[in-house]
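Letters go in sequence order (proteins before strands), and every chain restarts at 1. These figures come from a predicted structure and were not determined experimentally.
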Number of protein chains: 2
Amino acid sequence: MENDTIIHNQGLTKPEKDDYSTNNCAVTNALKIMGGKWKMLLIKIIADDCVSRFGELKRKMDDIAQTTLTIQLRELERDGIICRKAYAESPPRVEYKLTEIGITLLPVIQVLTDWNDNYCRLTK
Amino acid sequence: MENDTIIHNQGLTKPEKDDYSTNNCAVTNALKIMGGKWKMLLIKIIADDCVSRFGELKRKMDDIAQTTLTIQLRELERDGIICRKAYAESPPRVEYKLTEIGITLLPVIQVLTDWNDNYCRLTK
DNA sequence: ATACTTAGTATGGAAAACGATACCATTATT
DNA sequence: AATAATGGTATCGTTTTCCATACTAAGTAT
């Protein structure tokens with residue numbers, strides 16, 4: 001019973017001191033940028049598409065409100081994860097794609113997807 | 001402009017059809033279990049501790065409300081991520097630890113931590 | 001007797017997230 | 001002249017999430 005308390009911690013980086021407060025925890029920090037109901041899904045779709053238009057995203061996430069989609073895109077843009085390119089046409093055309101920093105988030109998406117495919121069913 | 005649309009998608013598993021709706025997306029599914037403001041942090045702390053007591057968790061996450069902590073722990077328990085062991089003592093003693101399935105979530109935590117350490121600063 | 005400890009629960013309220021609806025400008029189409 | 005398409009914004013309401021406060025039971029220490 002005592003010996004298995006060591007096993008599952010291998011490979012996890014322990015914090016120097018026990019500081020998990022809001023401003024100092026790596027997990028919390030990362031989630032400030034990519035947390036929430038829609039962000040990771042949005043990042044995944046834009047990655048799959050390479051370049052996405054607004055209406056395309058709206059169609060694929062068919063249960064998101066348009067206002068919510070706009071807000072999420074603005075925040076991802078503000079945080080340097082995606083970039084927005086608007087063309088001076090009519091009707092308007094706007095394209096979204098991942099920035100270089102946004103691309104560095106793909107391993108997070110992938111490991112989450114892998115976990116779902118391999119282990120999530122065991123939780124039921 | 002066209003050629004760089006391919007690069008960043010390497011290694012990402014594309015969905016068969018463009019189905020990102022609420023019930024069918026792997027990312028969304030995984031986040032149903034470990035999403036939210038506190039879950040991943042909780043999983044990380046319990047992993048660091050190997051075994052955590054309630055008051056210990058409360059102290060380390062000093063800005064979480066006690067009621068919220070209880071709810072998060074109950075949900076993680078319900079979803080098979082942690083297990084709860086209460087001792088018939090007084091004052092009560094309750095211990096939380098990761099289940100085997102909970103342990104499979106650690107790579108998710110790790111990759112999130114790594115991203116924060118390596119790339120998050122670039123978003124500023 | 002009183003105070004302290006742990007791991008909660010109960011209640012009420014505030015804040016954040018999210019959604020539905022209506023509206024807009026510009027151009028092309030019918 | 002009316003309609004449709006795109007990518008929004010503005011407003012308001014709901015739902016979800018979260019927090020603050022008060023309270024509890026049982027044993028231990030003073």
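In this structure, a donor-acceptor pair under 3.5 Å is present between the side chains of A:Glu95 and A:Tyr87.
For the pair B:Arg84 and C:dG8, the criterion of a side-chain N or O lying under 4.0 Å from OP1 or OP2 is met. Between C:dG8 and B:Tyr96, a contact under 4.0 Å exists linking OP1 or OP2 to a side-chain N or O.
As rounded to whole Å, 15 Å separates atom C1' of C:dT26 from atom CZ of A:Arg93. Taking atom NZ on A:Lys39 and atom P on C:dA16, their separation rounds to 14 Å, with Å as the unit. In this structure, NZ of B:Lys58 is placed 15 Å from C1' of C:dT5, rounded to the nearest angstrom. One interatomic measurement links the two molecules: CZ of B:Phe54 to C1' of C:dG8, which rounds to 6 Å at whole-angstrom precision.
With a cutoff of under 4.0 Å to any heavy atom of chain A, the contacted region of DNA chain D is bounded 5' to 3' by D:dA5 to D:dA10.
Atom-to-atom distance recorded for B:Asp79:CG and B:Lys39:NZ is 6.5 Å, nearest 0.5 angstrom. The structure places CG of A:Leu31 at 5.0 Å from CE of B:Met40, a figure rounded to the nearest 0.5 Å.
For A:Glu89, the CD atom counts as densely surrounded, since its 6.0 Å shell holds more than 12 non-hydrogen atoms of other residues, nucleotides or ligands.
Within the nucleic acid shown, B:Lys37 comes within 4.0 Å of sugar-phosphate atoms alone, with no base atom in reach, counting heavy atoms only.
By the rule that hydrophobic residues join a cluster once side-chain heavy atoms approach within less than 4.5 Å of another member, B:Ile101 and A:Leu112 end up as members of one cluster. Grouping the Ile, Leu, Val, Met, Phe, Trp and Tyr side chains by contacts below 4.5 angstrom, directly or via other members, places B:Val111 with B:Ile103. One hydrophobic cluster holds both B:Ile33 and A:Leu122 under the rule that ILVMFWY side chains link at heavy-atom gaps under 4.5 Å.
Put simply, the side chain of A:Glu56 gets close to the backbone of A:Arg53: a donor and an acceptor are under 3.5 Å apart. Side-chain N or O atoms of B:Thr113 include one that pairs as donor or acceptor with a backbone N or O of B:Ile109 at under 3.5 Å.
The salt bridge (Lys or Arg N to Asp or Glu O under 4.0 Å) test with A:Asp49 singles out one residue from A:Arg59, A:Lys44, A:Lys60, A:Lys97, and that residue is A:Lys60.
Of all heavy-atom pairs between A:Leu41 and B:Cys25, the closest is CD1-SG, 3.3 Å.
Residues of residues 65-74 of chain B having a heavy atom closer than 4.0 Å to DNA chain D, listed by number: B:Ala65, B:Thr67, B:Thr68, B:Gln72.
In the helix from C:dA1-D:dT30 to C:dT30-D:dA1, the rotation axis of the first five pairs and that of the last five pairs differ in direction by 10°, rounded to 10 degrees.
Side-chain N/O atoms of A:Ser90 and base N/O atoms of C:dT27 include no donor-acceptor pair closer than 3.5 Å.
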